[in-house]
Protein chains: 2
Amino acid sequence: MSLDQLRYFVAVAEEENVTRAARRLHVSQPPLSRRIRELEGELGAPLFTRTPRGVDLLPAGRALLEHARSILREVDRSVDVVRATAERDG
Amino acid sequence: MSLDQLRYFVAVAEEENVTRAARRLHVSQPPLSRRIRELEGELGAPLFTRTPRGVDLLPAGRALLEHARSILREVDRSVDVVRATAERDG
DNA sequence: CGGGCTTACGGTGTGCGTAAATATC
DNA sequence: GATATTTACGCACACCGTAAGCCCG
């Protein structure tokens, strides 16, 4: 599982649609779809159901969404903290 | 910044020595050294000072170490939660 | 010299984009 | 037929390991 995969997942979960998420992420849709499937494969659990209009979050997907957001937030914060610390203490 | 980079960083920080960290991670030392340098480059801040015996954590490195451990813990926990949720709710 | 970090280099695998296929309304 | 996801395919980039180089006690 990679941070990119989590970012991809969050976008798809928020858009509930792979095509729109791909546009938002500035990547093409087939690789995005594939990486979501790979993520589901790694976790051993489906995260979405596929519908004619897009995708719907399953309970496991909703659980991951919270965690993914939290992880990505902490990553961003870490970068800020490290830079600020380097700035301050040389 | 990738999760692998954070795992590599944590090992080097704990061992205070790239060679030992490489053994622990079952990777060879040159790529490990390079990825640490790349991480420093991405962050725009050095994380270690190089010494004849190995490496010493700088303040920015100590700050990152805490965050990295926390992030990696949350990643592991997320996997558990997602699997448990999928198990429970089908 | 010995131990450690770094640079050089070649190979492999992962991830992307385009194009074609499949499915549902 | 339109909109959406998935599969096929070829290519580029990232990462690794081996080998060689560099620095300091």
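Chain letters run A, B, ... following the sequence lines, proteins first and then strands; every chain starts at 1. Owing to the predicted nature of the structure, the values given are computational and were not obtained by experimental measurement.
Residue B:Gln29 places at least one side-chain N or O closer than 4.0 Å to OP1 or OP2 of C:dC5. In this model, the phosphate group of D:dT6 is approached by a side-chain N or O of A:Ser33 to a distance below 4.0 Å at OP1 or OP2.
Rounded to an integer number of Å, the gap from B:Asp4 CG to C:dT14 C1' is 12 Å. Atom P of nucleotide C:dC5 and atom CG of B:Leu47 are separated by 15 Å, given to the nearest angstrom. In this structure, CD of A:Gln5 is placed 7 Å from P of C:dG15, rounded to the nearest angstrom.
Among all heavy-atom pairs drawn from B:Ala22 and B:Ser28, the shortest one is CB-C, 4.0 Å. B:Leu39 approaches B:Phe9 most closely through the heavy-atom pair CD2-CB, 3.9 Å. Of all the heavy atoms in A:Thr51 and A:Val55, the pair that sits closest is OG1-N, 4.1 Å.
Across C:dG17, C:dT6, D:dG17, the shortest atom-to-atom separation from the side chain of A:Pro31 is found for C:dG17. Comparing D:dC16, C:dA19, D:dT5 by their nearest atom to the side chain of A:Asn17 picks out D:dT5. Picking from C:dT24, C:dT6, C:dT18 the nucleotide with the shortest atom distance to the side chain of A:Pro52 gives C:dT24. Checking D:dC16, C:dT18, C:dC5 against the side-chain heavy atoms of B:Arg34 singles out D:dC16 as nearest.
Sequence order on DNA chain C of the closest nucleotides to A:Arg53 and A:Leu32 puts A:Leu32 first from the 5' end. Each of B:Pro30 and B:Arg35 has a nearest nucleotide on DNA chain D; the 5'-most of these lies closest to B:Arg35.
Within 4.0 Å of B:Phe48, counting heavy atoms only, lies no atom of the nucleic acid at all. B:Thr19 comes within 4.0 angstrom of the backbone, heavy atoms only, and of no base.
B:Val10 is listed as a side-chain neighbour of B:Leu72, based on a closest heavy-atom distance under 4.5 Å.
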